[in-house]
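See structure below.
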Amino acid sequence: MKNELPKSVQFIKGVGPAYKKLLGKLNITTVEDLLYYFPRDYQDRSKYVPMNSVKPGQEITIKGKVLKIYEQKIKRGLRILKVTISDGSDCINGTWFNQSYLKKKFQKGKEYIFSGKLSDKAWGFGKKEINNPVFEELESGETIHTGRVVPIYALTEGISQQKLREIMYKALSDFACHVNDLLPDYLIKKYRFPDTTTSLWGLHFPRDRKHYIAARKRLAFEELFLLQLLVLQRKKNLTGVKGVEHKGEINTLDKFKEILPFELTTAQQRVWTEIKRDMARPVPMQRLLQGDVGSGKTIIAAMALVETMANTYQGIMMAPTEILAEQHYLKLKPLLRDLGFNVVLLTGSLKESERSRLKELIKNKEVDLIIGTHALFQEDLEYYKIGLIVIDEQHRFGVEQRFKLKDKGDNPDLLVMTATPIPRTLALTLYGDMDLSIIDELPPGRSPVITTWRTEKARSSIYSFVKEKINKGRQVYIVCPLIEESEEIVAVSAMEMFKTLTKDTFSQYRLGLLHSKITQEERKTVMKDFREGKIDILISTTVIEVGVDVPNASIMIIENAERFGLAQLHQLRGRVGRGKYQSYCILIANPRTEEGTKRLSVMTETDDGFKIAEADLEIRGPGEFFGIRQHGLPDLKVANILKDNRILITAREEAEGLINNNGILKYKYPCLYNKLLNLELKV
Ligand code: ADP
Ligand code: MG
């Protein structure tokens, strides 16, 4: 290892307590933080334009000899310093207001570089001016702000681009050569990577394009390599662990399949084989089940749960909302009762007495399956013997919660289900510690949902369409962005909509209202009535977004659809198209932004969750889309998780090679090893 880097940024010349504090706002506290604080952009100031060819308002970099230095007093308290430089073709003034002290920095006859925006006023020979140009003397050695490609950093108030650039330059000059090279030698040789020092310089102050590209490639690789090591390490930590070995209780499962009202699709059969194989192994299962909305994940979960219960373990199923938990409960309870299993529902809104009763039952193994929400991992809950945990709709849960729940048992198997179609390579990163199963086929007999985008004007014709369908026995969802009227937000509220529609248009029909402010009891009743066909139109907020399953509901109207994200719209739409009837999704929207318009056209163009996810990614960018932090992974500073696909795959392969090569990491590559430990602590 090399000499240790000094810890605090205060060791850098020019950084006192005040700047230390400001840097802190940028999350920079150590010298290393600083060196890894990369530019958000660059500006090419490496080319000097001839002064006779410049145009008003242009951003330019010029080089010339100082002809004249003089100061003008305009009026009291206002002085202008003018410095004229010339390259022989013409001359240009640099001007500064009330900065007399700069006079000393210039010397007649010496060469300087100016960089800045030409004024678009006062034009003509000898009147070309740059206000407040960035300037440097040419002879003073290497230039930092001009005469090169310069870095542009994200700033915080109180620190200027120039100041940060100077601090960075100093830090690089003094310390870049002390940064440990994290990558093993053999990788540096194999991929002909530049060393760390060269790479850090290349990202901050690239000599040329080649320098930058090589530097970026190396640092992006390093970042993704670390990330992969981290997730593979997590995965490996589990393989030594003894988990639950499910014996494959064929009889019970066969019975279960018999009582199912349908045959499994080919895709369902395939993923079931994968899951069953995992569950039979002594190593704890860590599997992600991905399948578009409506692809039939629930039944697969149920089969896995039957498998664990038949092996005399308890099963746990966690959903992100109470409505969804209730629904799973209602659906699974009768099926499982026939097989002799006891199912309970445990949510946050249980009465205390009821909760205590359940708690006892769970502890004494009088229930086999516990379905619930986050309430499932409350501290005081003791389980008897957990064999399998199923988490539905993973995108709402963080890794942390995943681990917390696992702590409740003795390394139970884990099945996580998500409807977010993540490109495979990306899944390798975000869920690198998990294996992936994909249901890529919808159950038969589904007709694609017809989606249209309408404006307010079409409302009455939409309503007559709805009436026609209700008269034929169908049911309808109307989704509103708000619960109640709001003064700040102009959008349709569920309560208001319910009132209006009950009063006139749909007064002869049965309407229901659902949102998060009504009581648990009311909500249960409403959902039950809707499921049983006692409600024709369910007016609701996005509480119905995930998982609600009423096949007879074939129309969904989404009010102010421009207010919803793509993923959300797709989830909502997934509530219809679940039965044998042609289904419709009507988006009522008046988008004000290009992005909003784009979202709506994507929705009308495709029904394919994968395409929608890709469009969403494109519109929103990966950071926001996946919430990388939420997955318990460090932020990426250089690599782009989507665009650097090839680097990602290489990094994955190399990381696998190193992890499998047991034990050498710690002894042979101590820097790398320590870095990983640090990262694991930080996330
Ligand atoms: P999701 O993947 O969105 O959770 P669900 O598991 O809720 O989807 O399934 C959607 C609907 O499809 C449910 O009504 C379910 O009973 C039905 N379903 C699931 N698998 C099949 C199948 N193989 N054949 C017919 N219908 C199925
Ligand atoms: Mg589901």
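Just so you know, residue 1 is the first one in the sequence shown, and it goes up from there. Just follow the structure's listing: the first ligand is 1, and inside any ligand the first atom is 1. In this text the structure is predicted, and so the values were computed from the model without any measurement.
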Per-atom contacts of ligand 1 with Thr298, taking only distances under 4.0 Å to non-hydrogen atoms = 4 (O), 5 (P), 6 (O), 7 (O)
Check the side chains of Asp368 and Tyr384 for a donor-acceptor pair under 3.5 angstrom, ignoring hydrogens and angles.
-> no
What are the atoms of ligand 1, with element, lying closer than 4.0 Å to any heavy atom of Glu263?
-> 22 (C), 23 (N), 24 (N)
Does even one non-hydrogen atom of Ser295 get within less than 4.0 Å of ligand 1?
-> yes
For Glu594, does the CD atom sit with more than 12 other heavy atoms under 6.0 Å from it, leaving out its own atoms?
-> no
Report the distance from atom CG of Leu253 to atom CE of Met309, rounding to the nearest 0.5 Å.
-> 9.5 Å
Can you measure from CE (Met434) to CD (Gln290) and round to the nearest 0.5 angstrom?
-> 12.0 Å
Between Arg575, Lys331, Glu441, which one has a non-hydrogen atom sitting closest to atom 15 (C) of ligand 1?
-> Lys331
Can you figure out which of Gln327, Lys297, Gln290 has its heavy atom closest to atom 2 (O) of ligand 1?
-> Lys297
Is it the side chain, the backbone, both or neither of Met417 that has a heavy atom closer than 4.0 Å to ligand 1?
-> neither
Within the 4.0 Å heavy-atom cut-off, what Thr265 brings close to ligand 1 is both
Heavy-atom closest pair (Ala304 atom, Met279 atom, distance to 0.1 Å) is O-CE, 3.4 Å
Are side-chain N/O atoms of Arg575 and Tyr477 paired as donor and acceptor at under 3.5 Å?
-> no
What about Gly296: any of its N or O atoms under 3.5 Å from an N or O on ligand 1?
-> yes
Would you give the length of the straight line joining atom CD1 of Ile299 to atom CG of Leu335, rounded to the nearest 0.5 angstrom?
-> 6.0 Å
Close-contact set for ligand 1 against Leu264 heavy atoms, below 4.0 Å | 23 (N)
